[in-house]
Structure formats: structure tokens, C-alpha cells
Number of protein chains: 2
Amino acid sequence: MTEIIKLQPACSQCNLQELCLPIGLSEAELSLVDSLVDERRKIARGEAIFRSGDRFTAIYAVKLGFFKTEVLSEDGRHQVTSFYMPGEVLGMDGISAETHHCDAIALEDSEVCLIPFHELETISVKVPTMQRHLHRVMSREIVRDQGMMMMLGAMRAEERVIAFLLNLSQRYAARGYAAADFNLRMTREEIGSYLGLKLETVSRTFSHLQEEGLLQVEKKHIRLMDAAILKKMLSQEGIGR
Amino acid sequence: MTEIIKLQPACSQCNLQELCLPIGLSEAELSLVDSLVDERRKIARGEAIFRSGDRFTAIYAVKLGFFKTEVLSEDGRHQVTSFYMPGEVLGMDGISAETHHCDAIALEDSEVCLIPFHELETISVKVPTMQRHLHRVMSREIVRDQGMMMMLGAMRAEERVIAFLLNLSQRYAARGYAAADFNLRMTREEIGSYLGLKLETVSRTFSHLQEEGLLQVEKKHIRLMDAAILKKMLSQEGIGR
DNA sequence: ATGCCAAGTTGATCAAGGTCAACAACCAAG
DNA sequence: CTTGGTTGTTGACCTTGATCAACTTGGCAT
């Protein structure tokens with residue numbers, strides 16, 4: 001069950017600071033941020049932070065755990081649009097209409113820092129660095145989505161899977177985890193949905209890359225045997241579809 | 001050739017105001033915006049406002065004409081990520097890294113209003129309404145991209161084409177043009193790239209929808225014969241791929 | 001243990017859409 | 001008026017990845 005704890009989140013102490021906050025805030029500015037982020041929330045595996053249609057009030061920084069966001073269309077179809085790991089910020093889809101447009105669901109027991117958005121806007125007015133940072137975070141999401149569109153529109157199945165794994169790898173590395181050896185937090189079906197493929201195709205592609213000796217897969221555990229070659233396969237591979 | 005004219009753009013007078021600016025700015029606030037947007041720029045068909053790698057300095061409101069943005073990956077592949085019509089704002093991909101990540105190219109002789117971004121941030125601090133609006137515009141882009149990902153990942157060719165046409169139709173309607181009768185500004189190839197399809201598939205799908213009596217296509221001229229049915233085809237159609 | 005369910009793998013088959021090619025229509029330039 | 005280049009249409013064929021189905025494994029509840 002989702003549970004709310006009023007633990008002083010203290011951004012000023014958080015080891016994710018550099019990922020989630022601007023670099024180079026003054027002491028005074030940092031303490032303003034501390035006062036802003038006043039609530040940490042535990043989300044159990046399978047629970048949602050928010051769902052499509054919920055009123056938008058805050059954005060969320062992942063403190064611990066793993067999330068997916070997914071959109072659903074009128075007919076039953078749904079699609080995973082993103083995965084989020086610690087230090088990443090989610091919920092910005094809600095700003096435009098004061099309503100969320102997707103579900104944000106925990107893939108494992110997780111914790112998020114709740115950032116009330118209107119207060120954030122208020123503080124932005126006083127701390128231009130904060131405003132700049134917010135704009136960058138939003139813009140980064142736009143750029144990321146463009147890359148995603150590129151992937152969905154122009155890459156073949158194997159390339160998508162490779163791009164996905166390399167992206168995960170790079171994000172783990174940025175957090176100080178092993179770049180070539182990690183556990184997937186999501187199912188084959190969720191990966192497939194994210195990549196615009198069926199789960200069988202994801203599974204087959206894993207197996208195939210393993211036969212080639214580029215990958216070792218054992219259930220959710222992935223080991224990249226040669227990231228350099230994988231990268232090359234992305235940029236060289238056929239002029240695509 | 002691209003040409004710069006210092007014509008008083010006067011947002012306060014512009015008929016696109018409601019699309020491009022927040023509704024409900026005070027007189028005083030509007031005149032602040034007028035002072036911000038101090039340059040209008042003509043872009044000839046085929047020319048770029050900016051290209052990938054260009055330093056980011058401003059965002060652009062389309063005043064007149066039609067644009068596409070496209071990203072290109074290391075290997076030659078490129079993909080159209082968006083089309084923009086009057087009243088829409090482009091260039092926000094550049095904020096995150098102070099560098100543009102795509103090319104913005106005019107599909108016909110066009111005019112844009114140049115909005116220096118750092119000045120915009122400065123004014124946002126003084127005019128909270130402006131800040132709110134900026135955030136909404138950026139967030140709307142995020143939501144739009146999510147819808148695009150949904151389309152690319154979960155829809156079949158015919159559905160994508162229908163969704164594309166209905167989206168255009170709705171945007172024309174919002175601008176006071178006929179919703180069911182308009183001219184495409186882009187080639188079949190550009191549509192295909194945007195939709196993750198080949199130009200032949202776009203062409204065939206047009207022909208097919210025409211045979212069904214749902215569409216009339218003559219070169220670039222499109223007439224939607226029954227938007228209601230088309231909409232229904234989107235939401236009902238098979239549980240998809 | 002036992003049974004059940006969700007998650008994953010693998011194979012056989014099929015269809016959507018990509019590829020290749022021919023051709024038509026329509027400019028714009030000479 | 002002719003020529004060449006761009007854009008669009010249509011057909012024949014082929015490839016990729018979806019679909020359907022059988023089977024395995026592991027976790028959890030009884």
C-alpha cells in the first residue's frame with residue numbers, strides 16, 4: 001500500500017542531487033529547495049503515483065526504485081512511453097492541462113520526492129537558476145521523446161533492442177552502477193510495448209544476440225559482452241526501413 | 001533567401017495571439033511581450049530556421065507558412081518529428097543543452113516571430129502568467145510527443161494515416177480554416193517519414209481510403225468525406241499489433 | 001508436496017508493409 | 001517545345017516481425 005512519510009527529504013544531503021538538481025546552487029538556494037520538497041512518498045510495486053486523468057499538482061523525483069509511464073487510448077491499447085530510474089523526474093506531462101495524461105507505475109517498491117509544482121513556479125521566480133533548471137529538465141524530456149520517435153519510426157527490431165540496452169547501460173553507469181552488468185526491472189512485455197514490438201520478438205532478439213556472443217541473458221539479468229560492437233551495429237546497420 | 005525584417009511584430013495586434021500566447025494577459029503584460037518579440041524573419045521554402053548543432057538562442061512562433069522538424073542520426077537516417085503551422089511554437093528542443101537537436105525547415109515561404117529565450121526567462125520572472133504559459137507550451141509538446149510514440153508503437157499503417165489527417169484537420173479548424181478540405185504542405189515522403197512508413201505505403205493508403213469513399217485525394221488536395229467514420233476507425237480498429 | 005498463474009522461450013505459419021521497378025504527371029530551365 | 005528532375009501511383013515480390021501455440025520455469029498459496 002502506498003504510504004506517506006514526512007521524512008525530511010533534504011535535497012541538500014541527497015546523493016542524487018547532481019542528477020536531479022542543477023549543479024551549482026548556492027547554500028541559500030539549496031535550503032530554499034529543501035523547504036520546497038517537503039514530502040517523500042513510498043510507492044509499492046505495482047502501485048501508481050498518478051493515473052491518467054488525475055489532477056496535476058506536483059512533479060516527482062525518483063529517489064529509489066523504478067517506474068514506467070504508460071498511455072492508454074480509448075480502445076484498450078496501451079503503450080509504455082518511458083522508464084524512470086533514481087534521479088529522474090516524472091509527471092511533467094500534467095502541466096499543460098493540469099491533468100495527467102499517463103499512468104506512472106512502480107516496477108518495484110520505490111520512493112519518490114514530491115515537488116509541488118505551483119510552489120516550484122513560485123520559487124523559480126525568486127531563483128532564476130531554479131527556473132533555468134526546470135526548463136532544461138522539460139526540454140531534455142522533449143529531446144528524449146524525439147529520439148524515441150526516431151527509434152520507433154526508423155529502426156528495425158534488433159536495433160531497437162540494442163538501443164534500449166545501451167541506453168539503460170549508460171544511465172546505470174551515470175549512477176555509478178556497472179554499465180555492462182545489470183538487472184532488468186521490467187518484463188519482456190513492457191520492453192516490447194516501449195519499443196513497439198511484441199514480447200516474443202524481444203525474447204527472440206535477446207536469444208539471437210546471445211548466440212552472437214554479444215549478450216548474456218539469464219532471466220532478468222543482462223550482461224553486455226561488447227558494448228563497442230553493439231554501438232557500431234546501431235550507427236552502421238542498414239539504411240533501415 | 002532568408003531575410004530579416006525589423007517589422008514591429010506587435011503580438012498585441014496579432015490574430016494568432018490566442019493560439020500562441022496565453023489568453024488573459026493584461027494590457028501592461030501584453031506590451032511587455034511586444035517589447036520581447038522584436039524581430040520577424042522570413043524563411044524561404046526549403047530554408048532552415050536552425051539546424052542540428054546550431055547554438056540555441058531563441059524559440060520561434062510560426063506567423064505564416066509551414067514547417068517540419070527532422071532529426072538525423074549518425075548514419076544517414078533522418079526522421080520528420082513534427083509539422084508546425086501558424087500559431088505554433090518550435091525550437092524548445094534546444095533549451096536543454098543550449099544546442100538544437102533537429103533541423104527546422106520551411107515547407108513553403110514562411111514567417112516566424114523570433115523570441116529570444118533568455119529574455120523570455122527574464123520576463124517570466126516578472127510576469128508569472130508568462131511563466132505559466134511557457135511551461136504549458138513545453139508540456140503540451142511533451143504530451144504531443146507521447147501521443148506520437150503511441151501512434152508509432154501501437155498503430156498500423158492505415159490508422160496512422162487517418163490519425164495524421166484528423167490531426168491536421170483539427171488544427172486547421174482551430175485556425176478557422178475548413179476542417180474537411182485542405183492542402184497538404186508536405187510530400188508523401190515527408191508524411192511517411194513522420195509516420196514511420198514508406199512513401200509508397202502512404203500513397204497506397206490514400207488510394208485505398210479513397211476507394212472506400214472516405215477520402216478524396218487529388219495530388220496535395222485532401223477532402224475528408226466522413227470524419228466521424230474515420231474517427232471511429234481509429235478507436236475501434238483491431239486490438240492492433 | 002500440489003496446483004496455479006505469470007513470465008519467458010521457441011517453433012511454425014502468415015500478413016503487413018517494405019523493396020524494386022515501371023510509368024505518369026508536373027513543373028522549371030534551356 | 002523539349003528535356004530532365006521531382007513527386008506520385010501502381011504492381012509484383014519478398015522480408016520482418018506478428019500471430020498462434022506448445023512447453024518450461026519459478027513463485028506463491030493451499
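- The number of heavy-atom neighbours closer than 6.0 Å to CD of B/Glu200, taken from other residues, nucleotides and ligands shown, is above 12.
- Contact annotation: A/Arg204 side-chain N/O to C/dT9 OP1/OP2 distance is not under 4.0 Å.
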| request: Mind running ring-ring contact (aromatic ring centres under 6.0 Å, His included) on A/Phe117 and A/Phe56 for me, showing each step along the way? | output: CA-CA 8 Å; A/Phe117 190 71; A/Phe56 167 78; 5.3 Å; yes
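- Rounding to whole angstrom units, CG of residue A/Leu184 and P of C/dA7 are separated by 14 Å.
- A/Arg188 has a side-chain polar atom (N or O) that falls below the 4.0 Å cut-off from OP1 or OP2 of C/dG8.
- OP1 or OP2 of C/dC20 has not a single side-chain nitrogen or oxygen of B/Lys198 nearer than 4.0 Å.
- Nearest to the side chain of A/Val217, among C/dT9, D/dT10, C/dA7, sits C/dT9.
- Using modelled atom types and a 3.5 Å distance limit, the side chains of A/His101 and B/Gln146 yield no donor-acceptor pair.
- In this structure, CD of B/Glu218 is placed 12 Å from C1' of C/dA25, rounded to the nearest angstrom.
- Taking atom CD of A/Glu211 as the reference point, atom P of C/dT9 lies 12 Å away to the nearest angstrom.
- For B/Met155 and D/dA18, the CE to P distance is 17 Å, given to the nearest whole Å.
- Of the candidates D/dT9, D/dC20, C/dC26, the closest approach to any side-chain atom of A/Glu200 belongs to D/dC20.
- Contact annotation: A/Thr201 side-chain N/O to D/dA18 OP1/OP2 distance is under 4.0 Å.
- Taking atom CD on B/Glu189 and atom P on C/dT19, their separation rounds to 12 Å, with Å as the unit.
- If you check D/dT9, D/dG8, C/dT9 against the side chain of B/Thr187, the one that comes closest is D/dG8.
- Among the heavy atoms of the strands lying under 4.0 Å from A/Leu197 are primed sugar atoms or P, OP1, OP2 only; no base atom is included.
- With hydrogens and angles ignored, no donor-acceptor pair closer than 3.5 Å exists between the side chain of A/Arg156 and the base of C/dG18.
- The distance between atom CG of B/Leu199 and atom C1' of D/dT6, rounded to the nearest whole Å, is 12 Å.
- Counted by atom type alone, B/Thr69 and B/Ser82 present zero donor-acceptor pairs between their side chains at under 3.5 Å.
- Atom NZ of B/Lys220 is separated from atom P of D/dT6 by 14 Å (rounded to the nearest Å).
- Here C/dA7 presents its P atom at 15 Å from CZ of A/Phe206, a figure rounded to the nearest Å.
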| request: Would you check, one step at a time, whether the test salt bridge (charged side-chain N to carboxylate O under 4.0 Å, His left out) holds for A/Arg77 with B/Glu159? | output: CA-CA 13 Å; A/Arg77 273 179 286 190; B/Glu159 296 175 277; 2.7 Å; yes
